[in-house]
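Quick notes on the structure that follows.
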Amino acid sequence: MDPPLPKSSVNPNKHLKEEFVSNLSGSSMLEIAALTMTIPILVLIRHSISSIFITGASLKKKNDDATSGNRNFKSYLATLSLDFLVIVVPMLLFFTVLANWTYILATLFTILTLLYIAAKRSGGSSPSFEGEPNSLQAYITSYRVIMMIITFLCILAVDFGIFPRRYAKTETYGTSLMDLGVGAFVLANSLVSRQARNIITVSWKTSIVSTSPLIILGFLRLVTTTGVDYQVHVGEYGVHWNFFFTLAAVSILTSFINISPQYSGILGSLVLVGYQFCLMHGLNHYLLSNERGMDILSQNKEGIFSIFGYWGMYLLGVHLGNYLFFGSYSSGFRSSRWVRMRVWVLSILFWSLTVLLDRHVERISRRTCNLPYVTMVLADNLQLLSILMLADLVPGSKSSILEEAFNRNLLATFLLANILTGLVNLSVDTLSASSVTALFILFVYAYILSIVIGIADYFEDVLFREG
């Protein structure tokens with residue numbers, strides 16, 4: 001009797017794709033800092049294009065004239081495409097074909113930006129919104145959107161050979177662009193969280209209900225990746241754990257231990273120091289080993305134990321958000337001039353602390369979310385935000401319609417990006433794709449994502465306005 005034929009897989013290259021993103025050691029802190037220097041300058045360039053005064057609000061106003069409304073929609077799409085060309089396309093090039101030019105580009109962009117600021121200010125062109133609290137909200141929006149664009153570009157690009165392996169997630173220790181992803185999400189949420197805004201009278205039941213979508217998404221991801229035999233790097237979170245479960249766990253922990261934002265930094269520091277102490281006394285060897293038991297804890301050890309690192313990071317972010325942006329008020333922002341100086345100082349301090357911890361305590365590890373990793377995420381994200389705040393010094397708009405659309409639909413953007421990434425991986429042999437093919441696919445993917453989110457935001461806004 002013939003042996004049964006092996007079951008065909010929807011994803012025949014699963015193991016090859018898993019190996020492609022495994023055993024990587026990352027880049028350097030200097031290169032990551034250089035990338036973070038260049039990316040926000042693209043947003044500043046788009047904001048400073050004074051010849052384009054079209055904003056999302058002006059293009060989405062209700063208009064009784066159907067012809068005028070149609071013209072507005074066409075102008076909206078044209079401006080959205082311009083935003084894509086100025087912001088998203090260069091970022092994609094920086095992460096792929098221009099990756100070896102990172103230091104040169106960072107130096108060039110920095111010099112040009114400083115010269116532009118100097119020229120505008122010496123010419124008597126002083127921005128009217130200098131120091132206004134409203135501009136600070138726009139910079140936080142730009143920061144959150146940049147984080148999302150980096151994420152949706154990288155999660156697909158990493159499966160192609162055109163994406164440098166040093167930018168992919170590290171196996172155990174090291175620094176890379178993609179290592180910053182989940183940490184940046186946690187920090188971005190904490191900086192403008194309810195706790196940071198002094199709204200801490202939320203019951204744990206309400207918090208669990210609000211967290212339930214993340215838990216549902218976590219289980220949906222688990223079921224779908226298992227169902228289609230999708231590639232999953234087990235060393236990232238574990239066998240069953242994923243990004244959504246980590247976000248949900250951090251949110252639930254924060255709601256159970258309700259603490260004032262003025263003291264959350266102290267609690268966060270204690271959690272991180274205590275967790276780092278445990279890592280240095282044997283826990284890191286357990287978490288970084290390839291041995292796993294059959295129990296749920298051992299199967300998902302990386303994801304479960306790293307919660308302590310991400311929770312400590314979240315608590316520090318709550319304290320920083322309260323100190324920098326909100327103070328003792330539950331609404332409104334501080335002066336952006338006051339914040340800008342402190343963000344720059346804090347970024348330098350956290351980068352210095354990261355170097356010291358990495359050299360003398362333990363190397364940076366996203367897999368365990370150790371203390372050096374937390375300080376690096378803080379340093380890098382504050383650096384990004386500090387560069388965006390240079391827009392206070394030059395004239396121009398404070399946002400673009402692409403940023404507005406992404407900001408109002410962050411979760412939808414992330415979900416659609418994951419769906420499109422899965423479809424591409426299941427229909428294209430990404431490992432053997434040429435550089436030209438890979439770049440074309442990535443451009444189309446990013447443009448479809450931007451246009452779909454932009455159109456959805458346009459019609460949602462119009463419907464609500466007309467309703």
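Side chains are part of it too, since the values below use all heavy atoms of this structure and drop only hydrogens, waters and symmetry mates. We number each residue from 1, following the sequence as shown.
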Between Ser251 and Thr254, a side-chain donor and acceptor under 3.5 Å: no
Examine Phe73 together with Phe459 and report whether their ring centres are nearer than 6.0 Å. yes
Partner of Arg367 under side chain to side chain contact (heavy atoms under 4.5 Å, CB included), chosen from Thr172, Leu287, Asp179, Thr170: Thr172
Please report the closest heavy-atom contact between Gly309 and Leu272, naming both atoms and the distance. O-CD2, 3.5 Å
Ser289 versus Glu291, side-chain donor and acceptor atoms under 3.5 Å: no
I'd like to know if the side chain of Asn381 pairs up with that of Tyr143 as donor and acceptor (distance under 3.5 Å, no hydrogens or angles considered). yes
Rounded at 0.5 Å granularity, tell me how far CD1 in Ile149 sits from CD1 in Ile39. 9.5 Å
For Ser193 and Ser190, test the side chains for any donor-to-acceptor distance below 3.5 angstrom and give the result as yes or no. no
Judged by atom type as modelled, is there a donor-acceptor pair below 3.5 Å linking the side chain of Arg46 to the main-chain atoms of Leu85? no
Please confirm whether the backbone N or O of Ile453 pairs with a side-chain atom of Asn409, one donor and one acceptor, at under 3.5 Å? no
Using 30° and 60° as the class boundaries, would you call the ring planes of Tyr447 and Phe84 parallel, tilted or perpendicular? perpendicular
For the rings on Phe219 and Phe244, is their centre-to-centre separation under 6.0 Å? no
Is there a donor-acceptor contact under 3.5 Å from the side chain of Arg292 to the main chain of Gln299? yes
In Å, rounded to the nearest 0.5 Å, how long is the span from OG of Ser176 to CE of Met29? 12.5 Å
Ignoring hydrogens and angles, state whether a donor on the side chain of Tyr167 or Thr102 is under 3.5 Å from an acceptor on the partner side chain. yes
Between Thr36 and Asp380, is any side-chain donor less than 3.5 angstrom from a side-chain acceptor? yes
Applying the side chain to side chain contact (heavy atoms under 4.5 Å, CB included) criterion to Ser264, which one of Leu320, Leu316, Val318 satisfies it? Val318
Under a 3.5 Å distance rule, please check whether Thr437 uses its side chain to pair with a backbone N or O of Ala433 as donor and acceptor. no
Closest approach of Tyr310 to Arg366 (non-hydrogen atoms, all atoms of both residues): OH-O, 3.9 Å
Rounding to 0.5 Å, atoms OG1 (Thr141) and CG (Asn407) come to a distance of 4.0 Å
I'd like to know whether CZ of Phe277 has more than 12 heavy-atom contacts from other residues, nucleotides or ligands below 6.0 angstrom. no
Quick one: closest heavy-atom pair of Leu80 and Ile451, and the distance? CD2-CD1, 3.7 Å
Flag for Ser386-Gln383: side-chain donor and acceptor within less than 3.5 Å: no
Quick check against the 3.5 Å criterion: does Ser48 have a side-chain atom that pairs as donor or acceptor with the backbone of Ile45? yes
Does the Gln276 side chain pair with the main chain of Asn370, one donor and one acceptor, at a distance under 3.5 Å? no
Side chain to side chain, Glu460 and Arg408, heavy atoms closer than 4.5 Å: no
If only side-chain N and O atoms count, and only distance matters, is there a donor-acceptor pair under 3.5 Å linking Ser306 with Glu302? no
Whether the side chain of Asp83 engages the backbone of Ile401 through a donor-acceptor N/O pair (distance < 3.5 Å, no angle test) should be reported. yes
Are side-chain N/O atoms of Asn418 and Thr421 paired as donor and acceptor at under 3.5 Å? no
His47-Glu403 side chain donor-acceptor pair, cut-off 3.5 Å: yes
Aromatic centroids of Phe243 and Tyr237 separated by under 6.0 Å: no
Is it true that, when you exclude Phe95 itself, more than 12 heavy atoms of the residues, nucleotides or ligands shown sit nearer than 6.0 Å to its CZ? yes
Pair Phe152, Phe406 - check ring-ring contact (aromatic ring centres under 6.0 Å, His included), show working. CA-CA 11 Å; Phe152 76 64; Phe406 279 144; 5.6 Å; yes
Shortest non-hydrogen pair, Val192 vs Phe326, comes out as CA-CE1, 4.2 Å
